[in-house]
Protein chains: 2
Amino acid sequence: MRTEIRIVIADDHQILLDGLSQALDSIPDLNVVGAILDGTQIAAAVATYTPDVLLVDVEMPGTSGISAISQIANLPPTLVVTMHTADEYGNAAREAGAVGFLSKSTPLPELAAAIRAVADGKNLLETDDVAALLDDYRAPTLSSAADSITEREREVLRCLVRGISRTEDLAEELFISQKTVKNHLASIYEKLGVNDRAQAVVEAMKLGLDRDWD
Amino acid sequence: MRTEIRIVIADDHQILLDGLSQALDSIPDLNVVGAILDGTQIAAAVATYTPDVLLVDVEMPGTSGISAISQIANLPPTLVVTMHTADEYGNAAREAGAVGFLSKSTPLPELAAAIRAVADGKNLLETDDVAALLDDYRAPTLSSAADSITEREREVLRCLVRGISRTEDLAEELFISQKTVKNHLASIYEKLGVNDRAQAVVEAMKLGLDRDWD
DNA sequence: TAGCTAATGGGTCGAAAGACCCATTCGGCT
DNA sequence: AGCCGAATGGGTCTTTCGACCCATTAGCTA
């Protein structure tokens with residue numbers, strides 16, 4: 001199973017670049033390794049960061065995103081993003097080697113799903129029912145450590161993140177004995193590879209175990 | 001001192017809206033309370049969320065951002081954002097009641113500074129040296145609890161967030177005795193209003209005490 | 001049916017943490 | 001000269017935690 005999907009984003013608007021980077025990075029299985037403002041540096045960024053997925057804006061000053069990617073050797077699975085709703089660039093994007101084409105009006109969870117799909121080798125431009133395909137990729141691919149955490153254990157973690165950390169308080173909150181709380185915690189520690197509540201909190205937040213899906 | 005600045009964002013591009021919301025929200029003193037895709041709902045959103053600052057894209061389908069805000073009663077301090085670098089809309093924005101005008105090529109920290117400045121009553125359109133003004137608003141306004149945390153105490157917190165939680169390990173990492181570690185922790189607990197390491201970690205991450213400014 | 005896991009619970013024990021008292025040193029500021 | 005806060009350190013005491021052993025029940029599934 002893939003642990004994290006490495007992403008490079010290219011867009012000439014700093015705000016979108018910053019915002020999108022942070023938004024994608026906050027999704028546990030997505031990792032933005034490079035963000036570039038300049039279309040001419042796409043090739044260099046791809047070579048440097050070796051991303052699993054490349055995200056490119058069509059509208060770029062100087063070189064257009066499309067012509068930029070068409071010249072890249074060993075192009076990773078690439079999603080082209082446009083400001084406009086019309087897919088006037090759709091064919092051009094396909095010819096340049098892109099495997100997906102999205103509007104900037106796409107909701108973030110759908111973009112995330114598209115990223116996971118193309119990272120998995122799918123080609124959105126050659127798929128009839130794109131919506132159905134993306135449905136298969138909605139949920140983040142959790143790390144093996146995280147997905148062995150049971151529902152009850154996640155409840156314990158959520159309490160920890162909410163500031164309920166004493167065994168006694170956890171027991172009251174969850175309507176179980178203090179002993180059971182300790183058993184759950186011990187199980188959590190083992191699965192996350194940590195030794196105490198403080199480390200468990202850090203891991204839970206990093207892995208997104210404290211929230212109920214993006 | 002203001003605790004958190006309440007922000008409403010209006011932009012017709014879902015991705016930018018999602019990304020920017022999350023990016024701004026992750027800054028400790030900024031709080032995105034509303035994000036709307038439709039320019040016609042700006043007035044309603046302002047009435048509902050009563051933001052301290054309004055962020056509007058000029059280019060919106062149907063109603064333009066500018067004409068939308070010009071019709072709003074009790075307009076909060078408003079920043080107008082545009083895709084284009086040229087400030088062709090600058091005058092129109094001013095006349096509509098905006099107090100700032102930014103390109104989407106603005107770096108995020110500068111946008112954050114602009115938000116703080118206008119929330120503080122400044123008018124960027126009537127300021128000669130905007131850069132100098134924004135410099136005064138670079139750093140997040142920390143909550144009173146957080147800014148009494150000393151540098152050494154923050155080092156302890158950073159270690160905790162990095163997974164170093166045992167007193168012995170903290171002592172080694174920081175080259176001090178275990179007793180001093182305990183003293184720092186006790187001081188942190190008091191300032192953050194918590195009782196143990198796990199809660200301190202949660203608070204530190206929430207307040208952004210674990211990172212070195214955005 | 002047999003086997004597996006999740007969830008619940010028990011007990012013990014040593015190590016660790018947290019709460020309280022305190023002192024010293026070094027800056028900066030008044 | 002005097003004060004204060006930050007950083008360093010000490011001691012003691014009680015509570016809590018984590019590690020290790022264990023059992024029971026329910027539910028699923030092979």
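We use all heavy atoms of the structure for the numbers below, so side chains are in, but hydrogens, waters and symmetry mates are not. Everything numeric in this text was worked out from a predicted model, so none of it was measured. Convention: sequence-line order gives letters A, B, ...; per-chain numbering from 1.
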Distance below 4.0 Å between B:Thr167 side-chain N/O and C:dA17 OP1 or OP2: yes

Between C:dA17 (C1') and B:Glu190 (CD): distance, integer Å: 17 Å

Whole angstrom value for the distance that separates P of C:dA19 from CG of B:Asn183: 12 Å

Rounded distance (Å) that lies between atom P of C:dA19 and atom NZ of B:Lys179: 11 Å

Check ion pair A:Arg116-A:Asp52 (N to O, under 4.0 angstrom): no

First of A:Ser177 and A:Lys191 reached from the 5' end of DNA chain C, by closest nucleotide: A:Lys191

Integer-rounded Å distance: C:dA6 C1' and A:Glu151 CD: 12 Å

Below 4.0 Å: OP1/OP2 of D:dA7 and any side-chain N or O of B:His184: no

Side chain B:Asn195 and base C:dG18 donor-acceptor under 3.5 Å: no

Interatomic distance, A:Ile149 CD1 vs C:dT5 P [rounded to whole Å]: 16 Å

Phosphate OP1/OP2 of D:dA7: any B:Thr150 side-chain N/O under 4.0 Å: yes

Phosphate OP1/OP2 of C:dG9 contacted by A:Thr180 side-chain N/O (<4.0 Å): yes

Atom-pair distance (NZ on B:Lys182; C1' on D:dT15), nearest Å: 12 Å

Angle of first-five versus last-five pair axes in the helix from C:dT1-D:dA30 to C:dT30-D:dA1, to 10 degrees: 40°

Interatomic distance, B:Gln178 CD vs D:dT12 P [rounded to whole Å]: 16 Å

Value in whole Å for how far the C1' atom of D:dC17 lies from OH of A:Tyr189: 8 Å

